[in-house]
Peer 1: 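Below is the structure I would like to discuss, written out as structure tokens.
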Amino acid sequence: MPIEAALDAAREAGMDLVEVSPNQDVPACKIVDYGKMRYEAQKKKAAAKKKQKTQELKEIKFRPNIDTHDYEVKAKKIAQFFEQGDKVKITLRFRGREMAHQHLGMEVLNRVKEQFDEQMKVELEPKLEGRQMTMVMSPR
């Protein structure tokens with residue numbers, strides 16, 4: 001159909017002539033309400049964005065000489081973060097003379113790593129930055 005005839009048919013219907021596939025040898029066009037088509041495409045895009053889950057980075061702070069109950073409470077919170085699909089940054093802060101016992105801090109981080117081995121993977125291995133040791137874990 002010639003372009004002029006297609007444009008006339010679209011005007012008679014009170015709609016627009018929209019090119020559907022411009023990269024073909026013979027371009028294909030449709031007679032549709034362009035405003036309505038754009039609105040539906042925008043709505044579809046918003047619905048897809050709404051279903052998307054963004055992964056947040058949550059932080060839990062430990063100390064090298066943490067007691068068992070305090071550790072369990074924080075471990076429970078880490079498990080909740082993994083269920084929500086978030087990454088967890090574990091920060092272990094050393095104060096004063098605790099810097100002389102960095103092996104205790106490493107033991108705490110290894111304990112966390114072993115406890116959540118099935119649920120998560122270590123994204124950033126434990127490393128010392130100044131007076132704090134950090135490790136980042138993300139869900140599998």
Peer 1: Check Met133 against Gly105 and note the closest heavy-atom contact, atom names and distance.
Peer 2: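 Heavy atoms of Met133 and Gly105 come nearest at SD-C, 4.3 Å.
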
Peer 1: What distance do Met120 atom CE and Ile78 atom CD1 have between them, rounded to the nearest 0.5 Å?
Peer 2: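 Between atom CE of Met120 and atom CD1 of Ile78 there are 9.0 Å.
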
Peer 1: Under 4.5 Å between any side-chain heavy atoms of Leu104 and Asn65, yes or no?
Peer 2: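 No, every pair of side-chain atoms sits at 4.5 Å or beyond.
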
Peer 1: Would you call Glu123 and Lys89 a salt bridge, using N to O less than 4.0 angstrom?
Peer 2: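 A salt bridge is absent here (no side-chain N lies under 4.0 Å from a carboxylate O).
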
Peer 1: In this structure, are over 12 heavy atoms from other groups packed under 6.0 Å from Lys74 atom NZ?
Peer 2: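 Atom NZ in Lys74 is packed in, count exceeds 12.
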
Peer 1: Applying the 4.5 Å side-chain criterion to the ILVMFWY set and letting contacts propagate, would Met99 and Ile66 be lumped into a single cluster?
Peer 2: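 Yes; Ile66 is reachable from Met99 via cluster members.
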
Peer 1: Taking all atoms of both residues into account, what is the closest heavy-atom pair of Phe116 and Ala75, and its distance?
Peer 2: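 For Phe116 versus Ala75, the nearest heavy atoms are CZ-O, 3.2 Å.
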
Peer 1: Does Asp117 form a side-chain contact (heavy atoms from CB on, under 4.5 Å) with Arg140? I'd like the steps, not just the answer.
Peer 2: CA-CA 10 Å; Asp117 195 33; Arg140 287 188 186 260; 4.2 Å; yes

Peer 1: Answer yes if Val136 and Phe81 sit in the same cluster of Ile, Leu, Val, Met, Phe, Trp and Tyr residues linked by side chain heavy atoms under 4.5 Å apart, and no otherwise.
Peer 2: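 Hydrophobic grouping puts Val136 apart from Phe81.
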
Peer 1: Quick check: is Met106 connected to Leu128 through a chain of hydrophobic side chains (ILVMFWY, heavy atoms under 4.5 Å apart)?
Peer 2: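 As far as the 4.5 Å side-chain criterion goes, Met106 and Leu128 are connected within one cluster.
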
Peer 1: Starting at CG of Asp8, measure out to CD1 of Ile3 and round the result to the nearest 0.5 Å.
Peer 2: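 Output value for this atom pair is 12.0 Å.
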
Peer 1: Quick one, Asp16 and Asp33 - any side-chain contact, counting heavy atoms below 4.5 Å?
Peer 2: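 They are in contact (side-chain heavy atoms under 4.5 Å apart), so the answer is yes.
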
Peer 1: So, for Arg93 and Lys61, which heavy atoms are closest and what is the spacing to 0.1 Å?
Peer 2: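 Minimum heavy-atom contact is NH1-NZ, 4.4 Å.
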
Peer 1: Are Lys45 and Gln42 close enough, and set up right, to give a side-chain hydrogen bond (donor to acceptor under 3.5 Å, both in side chains), and what steps lead you there?
Peer 2: CA-CA 5 Å; Lys45 188 178 176 182; Gln42 187 179 13; over 6 Å; no

Peer 1: Are Glu98 and His101 close enough, and set up right, to give a side-chain contact (heavy atoms from CB on, under 4.5 Å), and what steps lead you there?
Peer 2: CA-CA 5 Å; Glu98 291 174 349; His101 303 285; 5.8 Å; no

Peer 1: Can you name the closest pair of heavy atoms from Asp25 and Pro27 and give their distance?
Peer 2: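 Taking Asp25 first and Pro27 second, the nearest heavy atoms are O-CD, 3.6 Å.
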
Peer 1: Find the distance between CG (Leu57) and CE (Met137) and round it off to the nearest 0.5 Å.
Peer 2: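 If we round to the nearest 0.5 Å, Leu57:CG and Met137:CE are 11.0 Å apart.
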
Peer 1: Can you tell me if Arg95 has over 12 outside heavy atoms packed within less than 6.0 Å of its CZ?
Peer 2: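 Check fails, neighbour count at 12 or below.
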
Peer 1: Are any non-hydrogen side-chain atoms of Lys77 and Val73 less than 4.5 angstrom apart?
Peer 2: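 No, too far: nothing below the 4.5 Å cut-off.
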
Peer 1: Pair Ile60, Val112 - check side-chain contact (heavy atoms from CB on, under 4.5 Å), show working.
Peer 2: CA-CA 11 Å; Ile60 297 283; Val112 172; over 6 Å; no

Peer 1: So if I apply the side-chain contact (heavy atoms from CB on, under 4.5 Å) rule between Met135 and each of Lys127, Glu125, Lys113, which one comes out positive?
Peer 2: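 Only match with Met135 under side-chain contact (heavy atoms from CB on, under 4.5 Å): Lys113.
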
Peer 1: What I'd like to find out is whether the side chain of Pro139 reaches to under 4.5 Å of the side chain of Gln119, using heavy atoms alone.
Peer 2: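 Sidechains of Gln119 and Pro139: no contact.
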
Peer 1: Go through the steps for Arg111 and Phe62 under the test side-chain contact (heavy atoms from CB on, under 4.5 Å), then give the verdict.
Peer 2: CA-CA 12 Å; Arg111 186 173 160 194; Phe62 283 93; over 6 Å; no

Peer 1: Taking atom NE2 as the centre, does His103 end up with more than 12 heavy-atom neighbours from other residues, nucleotides or ligands that are less than 6.0 angstrom away?
Peer 2: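 Atom NE2 in His103 is crowded, with more than 12 foreign heavy atoms closer than 6.0 Å.
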
Peer 1: Would you give the length of the straight line joining atom NZ of Lys44 to atom CD of Glu40, rounded to the nearest 0.5 angstrom?
Peer 2: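 These two atoms lie 9.5 Å from each other.
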
Peer 1: Is there side-chain contact between Pro64 and Val108, with at least one heavy-atom pair below 4.5 Å?
Peer 2: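 Of all side-chain heavy-atom pairs linking Val108 with Pro64, none is under 4.5 Å.
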
Peer 1: Which heavy atom of Thr91 sits nearest to which heavy atom of Glu59, and what is that distance?
Peer 2: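 Taking every non-hydrogen atom into account, OG1-OE2, 2.6 Å.
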
Peer 1: Taking all non-hydrogen atoms of both residues, which atom of Leu17 and which atom of Ala6 are closest, and how far apart?
Peer 2: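 Of all heavy-atom pairs spanning Leu17 and Ala6, the closest is CD2-CB, 3.8 Å.
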
Peer 1: Please tell me whether Val32 and Tyr34 are part of a single hydrophobic cluster in this structure, the criterion being side-chain heavy atoms less than 4.5 Å apart.
Peer 2: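 Same hydrophobic cluster.
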
